[in-house]
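Heads up, the thing below is written out as structure tokens.
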Amino acid sequence: MARDTLPDLRQDQSVSVRGVARFMPSSKSHARWTDALRSTVALWMFVLLVFLPKIIQRHAGEPWTGVALDCATFPVSMALAMMMFMVSRATIGMAYHWRLPIRATAVLVFAAMNTIFDLIFQGWIANNVMQTWANLPADFGRAYTSMLNYILVFGVNMILFHVNYARRAGLQQERQLADANLAAQQAQLAALRYQLNPHFLFNALNSISALIVTQRNKDAEAMTDKLSSFLRSSLNADPSELIPLDEELALTEEYLAIESVRFGERLGISIDCQDQACHALVPSFLVQPLVENAVKHGVARSSAPVEIAIDATLTGGSLRITVSNCLTRDETDHLPDAEGAGVGLDNVRHRLQAVFGRRASLTAGAAGDRFVATISIPDVKLAS
């Protein structure tokens, strides 16, 4: 059976990995045109507001047409900035010692292009629209000042492109990390959830065999039905899904019904669940390992009747579930370890921590003539 299933699992895993790789976004997809356009428009509008008083002063005594024509060059600057974004996007993935010089060169080139355009535009307006523009400075001094200003603004624009990219890449990395943590948590819950005690299954099958040998066929048939029902419920339950406590106790009753066929009158059962506590949401098969631990260390080791009591209360939003079994005098010297008590209680502790964090806890130990395991879950959610 194992040889037949392992190749299938490896095949499914490879398909899943290829599927994840196929849908992972490329690094350039983080550098989005919409982000670049928004940051570019915001930056150049801010620059326009800063230089607007100077522009108005430069065209003092002229109609507002001159101010409007001077401001009309800003859309050209935005268009050049978006062309510069193409360079920024193309350098993503390059080594740092190549990316930085290329982007710096792009800033210088587009700043020079914008400066040249301003001078040509000023000359064209002076010759064709407003002759007063001929009086504006068009020498090397103005070109030098404009070039420095454009280098500064285009440099900031290039930095904003990188900031937008880094922000998108960081968010994507955080989402991937969150998805990976969630997948790991679900895998851990699934692994813990499917740790069905092989001793329980072996004992159940052995009890069925003994019933058949002793001609108790009806009892054997009833126990087989109960076992199949319990296993079906165990395998169908979603390890990452929370279920109402009353459903969890119903599954636990199915388990105890199987054990009652095995132990007969030696096993006593008492279940008391507060009405409001029955609606508390808990991981599936959270109580069953505690009951199984009580059967293993209490009923199986005792020749006298042993009662297993399950109590659930909800007080102030905190859920408290206790599973206890009475002890004989000889058994008090062989109590299970209060900190571990085997795989069963460790399993419950790990699942509580995976689902509820450190807020939830499980304590176990002797209390008088009983061994008591207590689950505490604060701020528990209720089923609607």
Side-chain angles (χ1 to χ4, degrees), residues 189 192-193 197 200 226 229-230 233-234 236-260 263 265-299 305-327 335-336 338-339 341 344-384:
L189 287 174
L192 293 171
R193 164 64 187 76
N197 194 335
F200 155 68
K226 294 176 181 178
S229 176
F230 175 78
S233 300
S234 174
N236 288 339
D238 186 350
S240 62
E241 182 181 356
L242 300 180
I243 63 173
L245 180 58
D246 56 354
E247 294 184 14
E248 167 67 8
L249 294 179
L251 295 174
T252 304
E253 286 181 321
E254 291 185 7
Y255 165 78
L256 288 172
I258 298 171
E259 295 290 19
S260 64
F263 292 106
E265 296 182 354
R266 289 168 53 194
L267 174 60
I269 303 170
S270 172
I271 299 178
D272 184 14
C273 182
Q274 192 181 68
D275 292 339
Q276 192 175 8
C278 289
H279 300 288
L281 294 176
V282 297
S284 60
F285 283 82
L286 182 69
V287 179
Q288 187 270 338
L290 303 183
V291 176
E292 183 176 344
N293 187 74
V295 171
K296 177 182 178 180
H297 295 284
V299 183
V306 174
E307 181 189 58
I308 296 178
I310 305 174
D311 297 289
T313 58
L314 185 65
T315 305
S318 297
L319 178 66
R320 181 183 176 90
I321 305 173
T322 61
V323 177
S324 62
N325 60 277
C326 54
L327 300 171
L335 288 174
E339 293 295 326
L345 298 190
D346 285 340
N347 183 304
V348 174
R349 285 193 179 94
H350 292 156
R351 295 186 68 199
L352 284 173
Q353 185 173 5
V355 176
F356 302 104
R358 298 183 179 275
R359 299 177 301 127
S361 64
L362 168 64
T363 59
D369 60 346
R370 302 185 68 83
F371 185 85
V372 182
T374 303
I375 295 175
S376 297
I377 305 175
D379 302 324
V380 70
K381 296 182 180 179
L382 301 179
S384 56

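This one's a predicted model, so the numbers in the text were calculated from it and none came from an experiment.
- Taken from CD in E253 to CG in D246, the straight-line distance is 10.0 Å, to the nearest 0.5 Å.
- Residues S324 and R370 bring a donor and an acceptor atom of their side chains to less than 3.5 Å of each other.
- Side-chain contact between V295 and F263 is present, with at least one heavy-atom pair separated by less than 4.5 Å.
- Between Q276 and L382 the shortest side-chain heavy-atom distance falls below 4.5 Å.
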(request) Would you please test L286 and V348 for side chain to side chain contact (heavy atoms under 4.5 Å, CB included) and show each step? (result) CA-CA 6 Å; L286 182 69; V348 174; 3.7 Å; yes

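- What you find for A294 and I308 is that their closest heavy atoms are CB-CD1, 3.9 Å.
- With rounding to the nearest 0.5 angstrom, the OG atom of S361 is 9.0 Å from the CZ atom of R349.
- A side-chain contact (heavy atoms from CB on, under 4.5 Å) with V323 is found for exactly one of V287, V372, D311, namely V287.
- Scanning all heavy atoms of the two residues, the minimum distance from A366 to F371 falls at N-CD1, 4.0 Å.
- Between R359 and D379, some side-chain heavy-atom pair lies under the 4.5 Å cut-off.
- When side chains are defined from C-beta on, T374 does not count as touching I321, because their heavy atoms never get closer than 4.5 Å.
- Interatomic distance, S260 OG to I269 CD1, rounded to the nearest 0.5 Å: 5.5 Å.
- T252 meets the side-chain hydrogen bond (donor to acceptor under 3.5 Å, both in side chains) test with no other residue; sequence neighbours excluded.
- Taking NZ from K381 and CG from L319, the interatomic distance works out to 14.5 Å, rounded to the nearest 0.5 Å.
- Using a distance-only test at 3.5 Å, with no hydrogens or angles considered, no donor-acceptor pair links the side chain of Q288 to the main chain of L251.
- In this structure, the side-chain contact (heavy atoms from CB on, under 4.5 Å) partners of A383, at least two apart in sequence or on a different chain, are P244, L281.
- Between the NE2 atom in H279 and the CD atom in E247 there is a gap of 11.0 Å [rounded to 0.5 Å].
- Pairing each heavy atom of C278 with each of C273, the nearest pair is SG-SG, 2.7 Å.
- Rounding to the nearest 0.5 angstrom, the gap separating the CD1 atom in I375 from the CG atom in L245 is 9.0 Å.
- Under the 30°/60° scheme for interplanar angles, the aromatic rings of F230 and Y255 are found to be tilted.
- Minimum heavy-atom separation, I377 to A360: CG1-CB, 4.2 Å.
- When side chains are defined from C-beta on, K226 does not count as touching E254, because their heavy atoms never get closer than 4.5 Å.
- Not one N or O on the side chain of R320 forms a donor-acceptor pair closer than 3.5 Å with the backbone of T313.
- Taking 4.5 Å as the limit, some side-chain heavy atom of L242 sits within range of a side-chain heavy atom of V355.
- Here the side chain of Q274 pairs no donor or acceptor atom with the backbone of A312 at under 3.5 angstrom.
- Counting heavy atoms from C-beta outward, L362 and L290 have side chains that approach closer than 4.5 Å.
- Put simply, the side chain of F356 does not reach to within 4.5 Å of the side chain of P378, judged on heavy atoms.
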